[in-house]
Structures are given as C-alpha cells and as structure tokens.
Amino acid sequence: MQTRITKMLGIEHPVVQGGMQWVGLAELASAVSNAGGLGILTGLTQPTPEDLLQEIERCRDMTDKPFAVNLTILPTIKPVPYELYAQAIVDSGIKIVETAGHNPEPYLPMFKAAGITVIHKCTSIRHCLKAERIGCDMVSVDGFECAGHPGEDDITNMILLPLAARKLKIPFLASGGLADGRALAAVLAMGADGINMGTRFMATKEAPIHENVKQAMVEASERDTSLIYRTLKNTARVFKNSVAEQVLEIESRDGATNFEDIAPLVQGTRGREVFNSGDLEHGIWSAGMVIGLIDDIPSCADLIAGIVSEAEEIISQRLTQMLSA
Ligand code: NAD
C-alpha cells in the first residue's frame with residue numbers, strides 16, 4: 001500500500017506511531033520502524049537535550065529504518081528549553097520531526113535548513129491551514145477521540161478528515177480513535193494518506209510500560225476516559241481513574257480553577273510512575289477512546305501487518321464487490 005506519505009517518509013506501510021510522553025522510547029520506536037511503520041521518540045521524555053541525543057543513538061542501534069522525534073509545545077510545570085531540544089534534533093541528523101501543541105514556526109527555519117520533514121499535529125482545520133502556510137510538509141489531523149490534548153473545539157475525525165481533504169494541498173495523517181484495518185481503509189477513503197496511532201501502540205509487546213497498564217486498556221471500554229483541564233483551556237483526555245476524578249472535582253468547584261491546586265495530582269512524574277510500577281491510581285496517564293477497541297497485546301509487527309492486510313482486504317473485497325454487484 002503506497003501513499004504520498006509512505007513515499008515522503010520512506011516507509012513501507014502508511015502507519016505512524018504517535019509521540020507519547022514516557023512511552024516513546026527507543027524500544028517502541030525501533031519496533032514500529034522495524035515493522036515498516038514510522039516510530040517516534042518523544043523528545044520531552046528525555047530530561048535534557050543531551051539525553052535525547054543519546055536516545056536517538058540507542059534507537060539507531062536498534063533499527064536502520066527511518067524514525068522520527070516528537071517535540072510537543074504545551075504548558076509544562078517546569079520551563080522547557082525548546083530551542084536546545086530543537087538544536088539537538090538537528091545535530092543528531094534526524095530527518096523527520098513531529099511537532100505538536102503550539103505553533104512550531106520558531107523552529108521551522110532550523111528544521112528546514114537541515115532538510116527535516118516536519119509533520120505538525122493539529123486538532124482543527126484552521127491550525128492545519130496555518131501549518132501548511134508556514135511550510136510544514138504534512139499534518140497529522142487529531143480528532144476529538146484522541147488521547148492527550150484534543151484542543152477545545154471537540155470536532156471528531158468524521159468531520160475533520162473530509163474537511164482536511166477539501167482544504168489542504170499537503171498530505172495528512174489521520175490521528176485519534178484508530179486501531180484496526182477498518183479505520184485505515186476508512187480514513188484513506190476520507191482523504192488521509194495514512195494513520196497515526198498512539199494508544200493502540202501502548203498495548204503492544206514492545207511498549208516499554210508495565211503489563212498492568214496494557215491489561216487495563218484491554219479491559220477498558222470506550223467510556224473509560226476523562227477530559228481534564230477543560231477549565232484551563234488545556235483539555236487532556238486521560239484514562240478514567242481516581243486521580244482524574246479528583247482533578248475533575250477540583251475543576252467543578254465555583255470560581256476559576258487555579259492550576260496550582262491540581263499540579264501535585266497531575267505532574268508528569270507521577271504518570272511516569274504508573275507506567276513503571278503498574279500502579280494505575282498513582283497519577284494521570286493519557287489514553288484515547290480507542291481503548292474500547294483494544295482487546296489484545298500483539299507485537300508491533302503483527303499489529304501493523306494485521307491492520308494493513310485487513311484494510312487491503314476491505315478495499316479489494318468488500319468495497320470492490322459493492323461496485324461489481
Ligand atoms: P508536566 O508534568 O509539566 O505537566 C503535567 C500536565 O499539566 C501536562 O498535561 C501539562 O500540559 C499540564 N500543565 C502544566 N502546566 C500547566 C498550566 N500552567 N496550565 C494548565 N496545564 C498545565 O508535563 P509532562 O507530563 O512532563 O509532559 C510534558 C509535555 O508533554 C507537556 O506539555 C504535556 O502537555 C505534553 N504531553 C502531551 C501529551 C499529548 O497527548 N500530546 C500527552 C502527555 C503529555
């Protein structure tokens with residue numbers, strides 16, 4: 001299955017692994033790339049730009065296929081030296097970057113000068129058009145179903161993807177709510193050139209997180225996510241647990257929410273501990289509605305091969321038969 005995106009990224013299958021805080025380590029990124037998709041290391045999971053350089057080298061030791069680095073630009077508890085992370089990416093010789101969150105424009109000149117292909121993740125059509133205008137090579141269109149930060153418009157992929165197809169000249173990936181070959185065939189029909197999956201890749205053998213987290217996703221339904229930080233206009237979709245409930249209780253109180261009141265509950269280091277220890281109630285951890293579609297923990301290679309072959313079968317059998325009847 002060849003699309004504009006497989007050609008531009010030099011990958012075999014139109015399947016990209018989304019940037020995920022604490023999960024996008026070399027183990028997962030290399031497994032996805034070795035399976036013919038595009039693996040992504042999460043830049044800010046590394047405590048310093050120097051650590052990111054080392055993680056890139058570690059990933060190179062694990063795959064000779066292309067992989068990318070994610071740079072997420074969103075509010076953080078501790079200030080992030082974004083410029084230095086961007087410089088580390090350039091210095092490393094990485095050729096594909098996924099930016100997410102706020103406008104990546106300040107970093108585009110250095111990425112472009114280094115010949116880097118930039119994928120910007122967008123949750124609205126106006127942001128997609130802006131990304132195209134400022135020179136991003138492709139966008140990842142992230143519907144309201146997604147894990148993490150869906151933006152504040154609450155528009156699902158059924159609307160976003162056809163709109164993107166009508167309005168964009170650059171190719172786009174579909175992101176959010178995607179787990180199987182049905183989804184791949186559907187979004188290709190809607191104009192996308194591939195899929196970006198985060199949560200689905202968390203429930204794989206190679207994801208470097210505790211088995212309890214993977215099992216919780218297998219057992220969960222599509223109703224088991226919560227939207228927190230709505231009152232702060234920094235909405236995040238996370239797994240519904242007691243910590244998310246506490247945050248929502250604080251946010252429901254009269255008057256404006258003060259981030260300081262919830263910061264001790266939501267700090268990323270507590271979320272990292274969930275992934276390390278398997279204590280699902282230790283902190284906040286991102287998960288998309290797609291957990292309702294996850295019922296196994298395959299290897300990345302089996303997952304990607306299964307998705308691609310299911311999509312090919314739908315396109316060549318079910319859909320084709322509808323025309324020849
Ligand atoms: P962190 O420990 O700095 O912050 C924890 C959470 O609080 C994050 O979601 C952050 O956006 C939010 N936050 C921090 N300061 C805030 C403020 N003043 N107002 C409102 N919200 C605030 O973050 P981390 O867990 O170490 O993650 C690092 C970065 O990666 C953050 O920017 C985070 O948003 C981002 N992230 C993105 C996703 C995603 O879905 N794309 C998932 C996890 C984390």
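Each ligand, and each atom within it, is numbered from 1 in the order the structure gives. What you are looking at is a predicted structure, and each value in this text was computed from that prediction instead of being measured.
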Practice item. Please could you name the atoms of ligand 1 that Gly148 approaches to less than 4.0 Å, counting only its heavy atoms? Key: 39 (C), 40 (O)
**Study point:** Under-4.0 Å heavy-atom contact with ligand 1, by part of Trp285 that carries it
**Key:** neither
**Study point:** Lys78, any N or O under 3.5 Å of ligand 1 N or O
**Key:** no
Point to revise | ligand 1 atoms in contact with Ser286 (distance to a heavy atom under 4.0 Å) | key: 42 (C), 43 (C)
Review point. Do Asn34 and Thr63 have side-chain N/O donor and acceptor atoms under 3.5 Å apart?
Key: yes
Check your understanding: Which salt bridge (charged side-chain N to carboxylate O under 4.0 Å, His left out) pairs, counting each pair once, include a residue from residues 206-221, with sequence neighbours left out?
Key -> Glu211-Lys214
Point to revise | Contact (N/O only, under 3.5 Å) between Gly268 and ligand 1 | key: yes
Check your understanding: What residue and atom, counting heavy atoms only, is the protein's closest point to atom 30 (O) of ligand 1, and at what distance?
Key -> Thr72 CG2, 4.1 Å
Exercise for review: For Gln267, counting its heavy atoms only, list the atoms of ligand 1 lying under 4.0 Å from any of them.
Suggested key: 2 (O)
Review point. Counting each atom of ligand 1 from 1 as listed, which ones have a heavy atom of Val266 under 4.0 Å away?
Key: 5 (C), 7 (O)
Point to revise | Proximity to ligand 1 by part of His149, non-hydrogen separation under 4.0 Å | key: both
Check your understanding: Tell me: protein heavy atom nearest atom 27 (O) of ligand 1, and distance?
Key -> Gln21 NE2, 3.2 Å
Practice item. Give a yes/no on ligand 1: does Ala236 have at least one heavy atom closer than 4.0 angstrom to it? Key: no
Practice item. Kindly write out the residues that satisfy ring pair (Phe, Tyr, Trp, His ring centres under 6.0 Å) with Phe172, not counting sequence neighbours, or none if the list is empty. Key: none
**Study point:** Phe259-ligand 1 polar pair, N/O distance under 3.5 Å
**Key:** no
**Study point:** Top protein contact for atom 6 (C) of ligand 1, by heavy-atom distance
**Key:** Tyr229 OH, 3.2 Å
Point to revise | Lys NZ or Arg CZ of Arg237 over Phe144 ring: under 6.0 Å, within 45° | key: yes
Review point. How about Asn70 and Thr72: does a side-chain donor come under 3.5 Å of a side-chain acceptor?
Key: yes
**Study point:** Student check: side-chain heavy atoms of Met1 and His13 closer than 4.5 Å
**Key:** no
Revision key, fill the gap. Under 4.0 Å from one or more heavy atoms of Leu74, ligand 1 contributes atoms 32 (O), 34 (O)
Check your understanding: With a 4.0 Å cut-off, would you call Arg270 and Asp279 a salt bridge?
Key -> no
Review point. Below 4.0 angstrom, N of the basic side chain to O of the carboxylate: do Lys65 and Glu12 qualify?
Key: no
Exercise for review: Give the residue, atom name and distance (to 0.1 Å) of the protein heavy atom nearest atom 3 (O) of ligand 1.
Suggested key: Ile77 N, 2.7 Å
Review point. Which of the atoms of ligand 1 are close to Trp22, meaning less than 4.0 Å from one of its heavy atoms?
Key: 26 (O)
Check your understanding: Just how far is it from atom NZ of Lys121 to atom OG of Ser140, taken to the nearest 0.5 Å?
Key -> 5.0 Å
Exercise for review: Using distance alone, with no hydrogens and no angle criterion, decide if Gln21 and Thr42 have a side-chain donor and acceptor under 3.5 Å apart.
Suggested key: no
Review point. Counting heavy atoms not belonging to Arg4, are there more than 12 under 6.0 Å from its CZ?
Key: yes
Practice item. Kindly identify the option in Pro75, Ala263, Ala147 whose heavy atom sits closest to atom 11 (O) of ligand 1. Key: Pro75
Point to revise | Within-cut-off N or O pair, Asn234 and ligand 1, under 3.5 Å | key: yes
